[in-house]
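These notes concern the structure reproduced below.
Proteins get letters first, then strands, A, B, ... in listed order; numbering begins at 1 in each.
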Protein chains: 2
Amino acid sequence: MAARDYGQYGGVSSALELVGERWALLIIRDLLVGPRRYGELAGGLARIPSNILAARLKELQAGGVIRRVPHSRVIVYELTPYGRELEPVILALGAWGFKAMGEPREAQIITPDSMTMDLRTAFQPLVAASLPPTAYAARLGTVELFIRVEGSDLDVVRGGGPADLAFAAGADIRRLISGELTPDRAITTGVVQVLGGRNELLDRFATTFHLAA
Amino acid sequence: MAARDYGQYGGVSSALELVGERWALLIIRDLLVGPRRYGELAGGLARIPSNILAARLKELQAGGVIRRVPHSRVIVYELTPYGRELEPVILALGAWGFKAMGEPREAQIITPDSMTMDLRTAFQPLVAASLPPTAYAARLGTVELFIRVEGSDLDVVRGGGPADLAFAAGADIRRLISGELTPDRAITTGVVQVLGGRNELLDRFATTFHLAA
DNA sequence: CGGGATCCCGTCAGATACTG
DNA sequence: CAGTATCTGACGGGATCCCG
C-alpha cells in the first residue's frame, strides 16, 4: 500500500511519491471541480480499471490528499485543504499539455470535468476583469457546460442556462482557444456553431479563454 | 514505445502522456539545472535502473521534451525550449511536496540537482531584490553548493567559492527554510554550523529562502 | 569507461467478473 | 452503487553483459 519511493529527499520526489502514480493526478483534476462519488469518478475516467481507482483513492486518502466523506446514504470523495493546494500544479501541467494537443485521436473522449479544468487553465482573469459579465452556454461534443464570467471570477457548471451566447463545437474548440483560428473563421468553417446570441460575443469568449500554442 | 494513453482529450492527460511515467519528471528536474550526460543522470537518480533511464530518455526525446546532443566525444541530454517550459510545473510540484517532507527516511539521499531545484523553489525574489548581493557556500550532507543571490536573481552551482557566509547542515536544513526553526535556534541546536562569515547572515539566508509548511 | 542493451523476475496495471 | 476478487500481460527493478 505504501507508495513506491524514489530514494531521494527532495520536494519533487516527495510530491511524486504522493501523487505520481498513474491516474492519481487525473483523479485530483476531477476533484478540483468538486466532490465526486466513486461512480462519478469512474465515469469521468472512462478507462480506469475499478481496482486501480479503489487503490488510488486509498493511497491518496492515506497521503492526506483526499477525504472520504459519508453523506447519509452516499459516499463522496473530496480534496483536503492540502490536496486543494495542488490546483497550481494541475493548472500549470494543463497549460503545458494543452500546447502539445493535436487532433483528438480515435477513442479519445472529452469529459465535463476535464473540459472545465481546461477552461480554468485558459481563463485570463486580467482580460475578463475589464469586460462586462457574460454567460455562455457551450456544447462541446456531448458535454454541456454553463460558463459564467463576472469580473475576474469564473464559474463553470454542468448543464445549460440563460446565456448571452450559446454555441456548439467539437474538440477543435482548442484551435479557437489557441488562436490558431479567429472567431470569424471558426464560425465560417463550421468549427463553432452559434446557436443563440450575437456572433460578436465569440470574440469576447476567445479573448477571455486564451492559451497560445 | 508509445506512451500509454488515458483515452481523454485534455490538457492534463496530454501532459501526463508525455511526462507522467515513473522517473520522467525527476529526469526533467535534473535537466532544468543544466545539460547532463547519461552517467550524470544515473548518478543523480541513484535508484533508477539503467534500462528505465534509457527508455525514458527515448520517450522524452520522441515527445519533443529533451534533445540528445553529441558533443565531440560525449553525448549530452538537454531540455528543448518546450521542455524548459515545464519549470513552473516542477517548481509548483516541488513547493507542494516540500510541505509534505518529514524527516529523511533511511537510505534517502540528497543530490546536488534536487537540492538546487529545492532552493530555486524556496527562493523569494521579491525579498531578495531589497537585499545586498550575497554569496553562500553551503555544505548540505555531502553536497557542496555555491549560492549567489544578486537582486532578484539566483544562481546555484556545485562546488564552493569565496562566500559571505559558509555553513554546513544536514537534511534538516528544511526546518530552517520552513520557518520551523529560527536561524538562532538552528545554530544553537547544531542543525546549522557556521563555518565562516557572520552568524547574522543566516537570517538573510532564511528570509531569502523560505517556504512555509 | 561512458552509454547503453539484455535478461529474468516481481509488482503493478488492465480487463472482467462478482458481491454486499 | 461502491467497491472486491481474480487472472493476465505489461512495466519497473536489479544485475549483468556488450560495444564503441
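Residues that satisfy the salt bridge (Lys or Arg N to Asp or Glu O under 4.0 Å) test with A:Arg148, not counting sequence neighbours, are A:Asp155. Listed by chain and residue number, B:Lys99 satisfy the salt bridge (Lys or Arg N to Asp or Glu O under 4.0 Å) test with A:Glu85 (two or more places apart in sequence, or in another chain). Evaluation of the salt bridge (Lys or Arg N to Asp or Glu O under 4.0 Å) rule for B:Arg73 yields no partner, not counting sequence neighbours. When the salt bridge (Lys or Arg N to Asp or Glu O under 4.0 Å) test is applied to A:Glu78, the partners found at least two apart in sequence or on another chain are A:Arg67.
Rounded to an integer number of Å, the gap from B:Leu45 CG to D:dG12 P is 14 Å. Going from atom CD of B:Glu40 over to atom C1' of C:dC1 covers 14 Å, rounded to whole Å. The distance from atom CG of B:Leu53 to atom C1' of D:dG14 is 14 Å, rounded to the nearest whole Å. The nearest whole Å value for the distance from the CD1 atom in B:Ile48 to the P atom in C:dG4 is 13 Å. Following rounding to the nearest Å, B:Arg37 (CZ) and C:dC1 (P) show an atom-to-atom distance of 13 Å. Atom CZ of A:Arg4 and atom C1' of D:dG14 are 14 Å apart (whole Å). A:His71 has its NE2 atom 18 Å from the P atom of D:dC1, to the nearest Å. Put simply, CD on B:Glu59 is 14 Å from P on C:dG4, counting in whole angstrom units.
Screening residues 39-58 of chain B for ring pair (Phe, Tyr, Trp, His ring centres under 6.0 Å) gives no qualifying pairs among residues at least two apart or on separate chains. The ring pair (Phe, Tyr, Trp, His ring centres under 6.0 Å) pairs that include a residue from residues 136-157 of chain B are B:Tyr136-B:Phe205, where partners are two or more places apart or lie in different chains. Legend: ring pair (Phe, Tyr, Trp, His ring centres under 6.0 Å) pairs involving residues 36-94 of chain A, not counting sequence neighbours, sorted by first then second residue: A:Tyr82-B:Trp96. Within the structure, side chain to side chain donor-acceptor pair (under 3.5 Å) pairs that include any residue of residues 114-124 of chain B comprise B:Thr111-B:Ser114 (at least two apart or interchain).
Less than 4.0 Å separates DNA chain D from at least one heavy atom of each of the following residues of residues 5-24 of chain B: B:Glu21, B:Arg22, B:Trp23.
Around atom CD of B:Gln193, no more than 12 heavy atoms belonging to other residues, nucleotides or ligands sit under 6.0 Å away. The environment of CD in B:Glu150 is sparse: at most 12 heavy-atom neighbours from other residues, nucleotides or ligands sit within 6.0 Å.
Ring pair A:Trp23/B:Tyr6 is perpendicular by interplanar angle, where above 60° counts as perpendicular and below 30° as parallel.
Here the side chain of B:Tyr9 pairs no donor or acceptor atom with the backbone of A:Met115 at under 3.5 angstrom. With hydrogens and angles ignored, the 3.5 Å screen pairs a side-chain donor or acceptor of B:Gln8 with a backbone N or O of A:Gly44.
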Are there any protein N/O atoms within less than 3.5 Å of an N/O atom in nucleotides 18-20 of chain C, and if so, which ones and at what distance?
none

Between the protein and nucleotides 3-6 of chain D, list the N/O to N/O atom pairs that are separated by less than 3.5 angstrom.
residue	atom	partner	partner atom	Å
D:dG3	OP1	A:Arg68	NH2	2.5
D:dG3	OP2	A:Tyr77	OH	2.6
D:dT4	OP1	A:Lys58	NZ	3.4
D:dT4	O4	A:Ser50	OG	2.6
D:dT6	O4	A:Asn51	ND2	3.4

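DNA chain D contains the following stems of three or more consecutive Watson-Crick or G-U pairs, with both distances under 3.5 Å: C:1-19 with D:2-20.
Remark: B:Arg47 is not in phosphate contact with D:dG13, judged by side-chain N or O atoms under 4.0 Å from OP1 or OP2.
B:Arg73 comes within 4.0 angstrom of no nucleic acid atom, judged by non-hydrogen atoms across all strands.
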CA sep, side-chain torsions, deciding dist, call: A:Arg36, A:Asp113, salt bridge (Lys or Arg N to Asp or Glu O under 4.0 Å):
CA-CA 10 Å; A:Arg36 291 288 180 266; A:Asp113 287 347; 2.9 Å; yes

